[in-house]
Amino acid sequence: MELGYACINLNLKDCTPNRRTTVGYLKKLSLEGQKIKLNTLLKENLENTLRILKFNKAHDIKFYRFSSNIVPLATHEVSDGWSYLDKFKEEFLKVGNYAKENEIRVSMHASQYTILNSNRKDVVKRSIEELEYHSRFLLAMELDTTTKVVLHIGGVYGNKDKAISRFKKNFETLSEDIKDRLIIENDDKSYTATEVLEIAEELGIPIVFDIHHFNCNHSEDENLEELLPRVFATWKGHGKPKFHFSTPRSEDDYASHADNIDPKDFKEFVDLLKDTSDIDFDVMLECKNKDKALLKLREDLEKSMV
DNA sequence: ACCTGTCAAGTCTGG
DNA sequence: CCAGACTTGACAGGT
């Protein structure tokens with residue numbers, strides 16, 4: 001079992017892979033100035049991403065989520081005509097190769113604004129464009145389709161059945177590459193694990209099971225003993241199964257992520273996964289302290305073994 | 001060096 | 001119909 005963290009590294013100084021700019025600022029610049037600004041940010045984000053991978057290698061961290069903001073304003077109209085994939089071909093490849101050579105499994109997560117099942121055509125169109133950006137990004141790194149992209153199902157719009165149908169229908173319009181990469185996650189408010197599982201099974205794609213979201217949002221008749229074997233089954237042929245784990249911030253603010261991971265709850269969940277299946281898996285930790293929380297959890301677990 | 005208002009994006013709730 | 005919450009780090013400009 002391997003632990004992973006998302007995007008930001010707190011141990012490394014001046015190493016954000018998320019440098020960005022605003023449309024308002026860009027529009028004050030000449031066309032040439034805009035290009036320079038975007039190129040500078042992308043170059044730095046790729047360099048910092050590589051630094052983070054090197055940190056991961058040095059600390060034996062084998063699982064990491066790339067930021068979706070490495071390419072600033074990637075699908076915004078201000079970036080139309082900016083051929084960054086050609087310009088930074090080598091840099092993209094360098095990052096992808098480093099991950100592969102050092103057996104660091106990477107993934108991505110489309111943002112909360114990527115909503116494939118929206119009842120608005122323009123939102124669906126932009127969401128498809130955003131997903132295809134993730135695909136082009138990973139293809140530029142020459143990472144195969146076991147490098148996954150996480151997506152939530154989206155909104156409900158007062159009719160969940162229709163919203164789910166729209167999700168499935170719009171999924172079919174995606175390119176083969178992103179279809180092979182997409183994994184769908186149960187969320188904390190709208191779509192339960194059972195609902196996401198049904199979609200995943202029908203589309204033949206994996207579900208990334210989030211235990212914290214399950215605790216926030218589940219129906220009475222759902223139980224882990226029945227769900228987890230089905231979760232593992234969706235991963236057949238898709239690489240190592242991936243799970244999300246986070247500790248609630250507090251009783252009053254249950255849905256938010258805490259700074260660190262509670263080792264006792266974590267161990268309990270992992271033991272349950274190990275009881276469910278012999279298949280090895282990855283766990284993405286979602287918490288404020290990122291890599292620091294991962295290293296702390298590892299220490300806590302080792303201590304408890306003694 | 002530090003502080004503050006602002007930022008591409010969607011959905012949902014409550015007034 | 002509209003404002004604010006959600007969640008939230010980082011930028012740009014000002015002090």
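Letters A, B, ... are given to chains in the order of the sequence lines, protein chains preceding strands, and every chain is numbered from 1.
A straight line from CZ of A:Arg249 to P of C:dT7 spans 11 Å, rounded to a whole angstrom. Rounded to whole Å, the distance from CG on A:Asn289 to P on C:dT8 is 12 Å. Note: NZ (A:Lys27) to C1' (C:dA12) measures 17 Å, nearest angstrom. At whole-Å resolution of the value, CD in A:Glu286 and C1' in C:dT8 are 15 Å apart. If you take CG of A:Asn9 and P of C:dA10, they are 12 Å apart, rounded to a whole angstrom. Rounded to whole angstrom, the span from the CD1 atom of A:Ile70 across to the C1' atom of C:dA10 amounts to 15 Å. Across the protein-nucleic acid pair, A:Ile115 atom CD1 and C:dC6 atom P stand 17 Å apart, rounded to whole Å. In this structure, CD of A:Glu44 is placed 9 Å from P of C:dC11, rounded to the nearest angstrom.
Among the heavy atoms of the strands lying under 4.0 Å from A:Ser256 are primed sugar atoms or P, OP1, OP2 only; no base atom is included. Among the heavy atoms of the strands lying under 4.0 Å from A:Val156 are primed sugar atoms or P, OP1, OP2 only; no base atom is included. A:Lys290 comes within 4.0 angstrom of nothing in the nucleic acid, heavy atoms only. Counting non-hydrogen atoms under 4.0 angstrom, A:Ser118 reaches the backbone sugars and phosphates but no base.
Separating the C1' atom of C:dT8 from that of C:dG4 is a span of 16 Å, rounded to the nearest Å. Distance check on atom P: C:dC1 versus B:dA8 gives 26 Å, rounded to whole Å. Distance check on atom P: C:dT7 versus B:dC3 gives 26 Å, rounded to whole Å.
Nucleotide C:dT7 forms no Watson-Crick or G-U wobble pair with any nucleotide shown, as no partner meets the under 3.5 Å limit on both distances. Applying the Watson-Crick and G-U wobble criteria (two distances, each under 3.5 Å), B:dA9 pairs with nothing in any strand.
Separating the CG atom in A:Asn215 from the CG atom in A:Leu224 is a distance of 7.5 Å, to the nearest 0.5 Å.
Side-chain N/O atoms of A:Asp253 and A:Ser256 include a donor and acceptor closer than 3.5 Å. Judged purely by distance below 3.5 Å, without hydrogens or angles, the side chains of A:Glu130 and A:Thr75 pair a donor atom with an acceptor atom. Side-chain contact annotation: A:Asp188 with A:Tyr254, donor-acceptor N/O pair under 3.5 Å absent. A:Ser250 and A:Asp252 share no donor-acceptor pair across their side chains, judged by distance under 3.5 Å alone. In this structure, a donor-acceptor pair under 3.5 Å is present between the side chains of A:Asn11 and A:Asp291. Checked by atom type, the side-chain pair A:His257/A:Lys288 shows no donor-acceptor distance below 3.5 Å. Inspection of the A:Ser135 and A:Asp177 side chains reveals an N or O donor paired with an N or O acceptor under 3.5 Å. Side-chain polar atoms of A:Asn18 and A:Ser67 form a donor-acceptor pair below 3.5 angstrom.
Within residues 12-20 of chain A, no residue has any heavy atom closer than 4.0 Å to DNA chain B.
Phosphate contact (OP1/OP2 of C:dA12, side-chain N/O of A:Lys37, threshold under 4.0 Å): present.
Here chain A contacts DNA chain B (any atom closer than 4.0 Å to a heavy atom, that is under 4.0 Å), and the contacts span B:dC7 to B:dC12 from 5' to 3'.
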All N/O donor-acceptor pairs, side-chain side in residues 106-114 of chain A, below 3.5 Å, sequence neighbours left out:
from     : atom 1 : to       : atom 2 : distance (Å)
A:His109 : NE2    : A:Glu185 : OE1    : 3.3
A:Ser111 : OG     : A:Tyr113 : N      : 3.0

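With the nearest nucleotide of DNA chain C identified for both A:Asp188 and A:Leu41, A:Asp188 has the one nearer the 5' end.
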